[in-house]
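Data block below; observations after.
It should be emphasised that the depicted structure is a prediction, and the values quoted were computed from it without experimental measurement.
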Amino acid sequence: MRGRDILVPMSVTMDTLVSLCKRRGFVFQSSEIYGGTGSCYDYGPLGVELKQNIKRLLWRDFVQSRADMVGIDASILMHPTVWKASGHLDHFTDPMVDCRECKLRFRADHVDALPWTHYCPATKGNKFTIPAGEPCAHCGARRTLCPDCGKGQLTAPRQFNLMFKTFMGPVEEDASVAYLRPETAQAMFVNFDNVLQSMRMKLPFGIAQAGRSFRNEITPGNFIFRTREFEQMEIEYFVNPRDAVEGRPADEYWHDRWIADCMAWFRRYGLREENLKLREHDRDELSHYSKRTVDIDYRFPIGWSELMGIANRTDFDLKQHSKFSGKSLTYFDEERKEHVVPYVIEPAMGVDRALLAFMADAYVEEEVRGEKRVVLRFHPELAPVKVAVLPLLKKREEIVRAAHAIRADLAKQWRVVYDDTAAIGRLYRRQDEVGTPYCVTVDVQTVGDSEKGEAGDGKVTIRDRDSMAQARVPIDALPGVFHDLLGGGAWAQVAARLERQIQK
RNA sequence: GCGGCCGUAAUUCAGUGGCAGAAUGCCAGCUUCCCAAGCUGGACGUCGCCGGUUCGAAUCCGGUCGGCCGCUCCA
């Protein structure tokens, strides 16, 4: 860590992570052989496993396991009016200049066409309003400062095209302009009524979606933390604002409930308590649609930054889309016999940021017998590879054959690899560095020694990543044991149970 | 967008005008049944890219792409 974050030093720097990610096939820079493409990254063989695990767990825990949640997968290109209604298009299509004093914002090409305020030095600073484009009649000066307050410097013109623009169809004309979505949320508002009708949903209920979004960020950087193409997992949870839960308005109750659930989710899969905190948005920081927003901040190698935002978007979006589309986007409240526009709570997570956080938090360096051991202590459900099958001797054909058979059998259920290209110590270290929670080692005892006429015992050694402890189990028992271990069973407990079984 | 620093093997880095280097890693063989062991051999680079100066450029100059830091920005 450098500079401001020395108070609580991180165990890993961004440089170390970037290097590990490349060396071990997690993340590569996009188009690297051409010199790289700014702010774009590719997930490698292990990165894609990790990312898919994150998305799978989100989907399982927040969609599949809940009766009040459903998912959609919308197209990235949407009707241009969607972005008009959402407010994304309004302020960010033209070059803008800002006054550094009064903070007003002007279209750069319109500034000179505005009458301007002038404190004239030739008349002891008297204030004049001078017609557009004309110089001051007293001192001859032309406008250089803010036309409104007459005091502040204007910033250089900036093109606030935060959305990626493209064209539908082969002909580039204004009529065919389309945008790559800057957030996945809008598709869920636009499909609100479709989902409501087709699934016969009752409030409160939520729609979830995971997918790519695109923003022309002004300042991308910090590896995969802020990129212009990124992946989101968003939930729009619709509630009836007229309802009360536990004596509070439903939207406020559910907002807090989602904040707690999301925090618990990150903790469950390994982020440490001391690296997580909630951050309430100040009033002037709130987005135009938001009543209240709370971020879950994580202590990244670059310092505390947003991992997830949970906003109360009120009925802003449904009302906007109703207005622009002319379609009713309401819910019929049977009890009150009235139509209501639901409020919406929006938990929105950056999947890439979550991946970075899980990696940073999992990374540890230990000293083992005077040597450095690098370990990614991934939660087993997140680990890109669940089990590595390693022959202790690759010269013994029976051992190699048995190891391959074990890999093939376990691979029906999990991502399992085989490796025999180094001594056992090195093989373990390799798996440690990519976070494989368990290794299975096949040895002479397993298969027996035909020359000596000794029969094998059909047992293999399981080695635990974090404790480096071992337990010997029958090959037949492996699927069951890993079902327990990879499903969240603690090594110590499972190993102790194995001991008891073996003694019987 | 502005300013500063940087770009050499898979990684970390040395080399600052004269033959492209080290360590680690990787591959093969021998060896070794349990935590980066040893021995032998091997592969790996248009020195980010393009142009210029020079007898000669990784090295100097210009441009460009990419990265980091600071400022600005961040509905």
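Within the structure, every side-chain polar atom (N or O) of A:Lys394 is placed at least 4.0 Å from both OP1 and OP2 of B:rC33. Contact check, A:Arg426 against B:rC26: a side-chain N or O comes under 4.0 Å of OP1 or OP2. Neither OP1 nor OP2 of B:rC35 sits under 4.0 Å from any side-chain N or O of A:Arg430. Under 4.0 angstrom from either OP1 or OP2 of B:rG25 there lies no side-chain N or O belonging to A:Arg429. Close to B:rC69, at under 4.0 Å from its OP1 or OP2, lies a side-chain N or O of A:Asn222. Note on A:Thr421: a side-chain N or O is less than 4.0 Å away from OP1 or OP2 of B:rC27.
Within 4.0 Å (heavy atoms only), A:Lys372 reaches at least one base atom of the nucleic acid.
For the pair A:Arg228 and A:Phe164, the cation-pi criterion (under 6.0 Å, within 45° of the ring axis) is not fulfilled. Judged by the 6.0 Å distance and 45° axis criteria, A:Arg353 is positioned over the aromatic ring of A:Phe225.
Nearest nucleotide to the A:Met468 side chain, out of B:rC34, B:rC35, B:rC27: B:rC35. Of the candidates B:rA36, B:rC35, B:rU31, the closest approach to any side-chain atom of A:Gln470 belongs to B:rC35. Distances were taken from every side-chain heavy atom of A:Leu392 (C-beta onward) to each of B:rA37, B:rG66, B:rC33; the shortest belongs to B:rC33. Checking B:rC34, B:rC33, B:rA10 against the side-chain heavy atoms of A:Lys22 singles out B:rA10 as nearest. For A:Asp443, taking side-chain heavy atoms from C-beta onward, the closest of the listed nucleotides B:rC33, B:rU11, B:rA75 is B:rC33.
Within 90° of 0 lies the glycosidic angle of B:rU16, which makes this nucleotide syn.
Below the 3.5 angstrom threshold, one finds no donor paired with an acceptor across the side chain of A:Thr219 and the base of B:rC74. No hydrogens or angles were tested; on distance alone, nothing pairs the side chain of A:Gln445 with the base of B:rC33 as donor and acceptor under 3.5 Å. For a distance-only test at 3.5 Å, the side chain of A:Tyr34 fails to qualify as a donor-acceptor partner of the base of B:rC49. Donor-acceptor pairing under 3.5 Å, judged by distance alone, is present between the side chain of A:Arg463 and the base of B:rC35.
Distance alone, capped at 3.5 Å, is enough to place a donor-acceptor pair between the A:Gln320 side chain and the A:Ala85 backbone. Put simply, the side chain of A:Lys386 never gets that close to the backbone of A:Val417: no donor and acceptor are under 3.5 Å apart.
You'll find the ring centres of A:Phe28 and A:Tyr41 outside the 6.0 Å limit.
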